[in-house]
Amino acid sequence: VFPHMVKKLNTGLHVTIVMFLCGAIFFSLVSFGFCILNAIKVPYRAIKGPAGTCLWNFLAGGFIVLAVTSFMAAVKLHHLTERIANFRENVFKFVILEECFEDCFWLCVAGATAHAVNLLLIPISGINFPTIKTKTEEANVTAEDIMY
């Protein structure tokens, strides 16, 4: 939209924000996949059980928090709102008194909150999943075993 501004802005920060959001989507999908797997089958390993779901939710929520924090830092530190408002403005200089974030930003915050709620609900639910028990063999020694 603003080709002259692209040369002046730190594009690495914006690419990092997009990468954080892509990572969050990936880990959210992994968490969703393991939730479906746990609903269909009995979890037999910790990474596929409740601990695994907590791990993937924590990673996805962490990536969303990093993206939201990076975005807020980019807007505030680089004064993006003022730069866009005063783009190619020679006569007037707009002074920004208030900035408000729109729906996409709050959607990311809601996503991070949903992952935090999942992290709280999984341990609170107290679902006791059946565990696989190994059968121990008893030593049956008879007189025939001693002879041979």
Side-chain angles (χ1 to χ4, degrees), residues 1-140:
V1 176
F2 302 104
H4 299 289
M5 287 184 66
V6 172
K7 296 176 185 174
K8 296 178 183 177
L9 294 177
N10 184 2
T11 56
L13 184 60
H14 300 292
V15 170
T16 304
I17 293 168
V18 171
M19 294 304 291
F20 281 150
L21 290 174
C22 290
I25 290 171
F26 172 75
F27 287 123
S28 295
L29 290 174
V30 170
S31 175
F32 177 71
F34 281 121
C35 284
I36 296 300
L37 181 71
N38 288 339
I40 295 172
K41 295 182 177 182
V42 176
Y44 58 93
R45 291 187 182 162
I47 201 68
K48 294 182 181 176
T53 306
C54 282
L55 170 71
W56 302 120
N57 273 309
F58 176 76
L59 288 173
F63 271 86
I64 292 174
V65 168
L66 286 173
V68 167
T69 306
S70 299
F71 179 75
M72 289 173 53
V75 169
K76 295 292 182 183
L77 294 177
H78 294 290
H79 307 288
L80 292 180
T81 308
E82 289 180 14
R83 284 185 177 187
I84 292 172
N86 292 318
F87 181 70
R88 289 190 180 171
E89 191 63 45
N90 297 328
V91 180
F92 298 107
K93 178 164 173 89
F94 292 103
V95 177
I96 305 300
L97 299 176
E98 182 181 345
E99 291 177 328
C100 60
F101 296 108
E102 293 297 324
D103 296 337
C104 291
F105 175 81
W106 294 113
L107 187 63
C108 289
V109 172
T113 305
H115 286 293
V117 169
N118 278 339
L119 286 174
L120 292 174
L121 287 179
I122 291 170
I124 289 174
S125 67
I127 298 171
N128 294 325
F129 291 103
T131 57
I132 294 177
K133 297 178 182 176
T134 58
K135 185 177 177 182
T136 57
E137 287 189 30
E138 297 178 9
N140 293 334

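These numbers were taken from a predicted model, which means no experiment stands behind them.
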Can you name the nearest heavy-atom pair linking Cys108 to Ile64, along with the distance? O-CG2, 3.1 Å

Could you pull out the closest heavy-atom pair between Phe63 and Phe27, with the gap in Å? CE1-CE1, 3.4 Å

Please report the interatomic distance CG(Leu21) to OG1(Thr16), rounded to the nearest 0.5 Å. 11.0 Å

Given 3.5 Å as the limit, does a donor-acceptor pair link the side chain of Ser28 with the main chain of Ala24, or not? yes

Applying side-chain hydrogen bond (donor to acceptor under 3.5 Å, both in side chains), which residue pairs with at least one partner in residues 60-70 are found, sequence neighbours left out? none

Phe105, CZ atom: more than 12 neighbouring heavy atoms under 6.0 Å: yes

Measure the shortest side-chain to side-chain distance between Trp106 and Val109 over non-hydrogen atoms and say whether it is less than 4.5 angstrom. yes

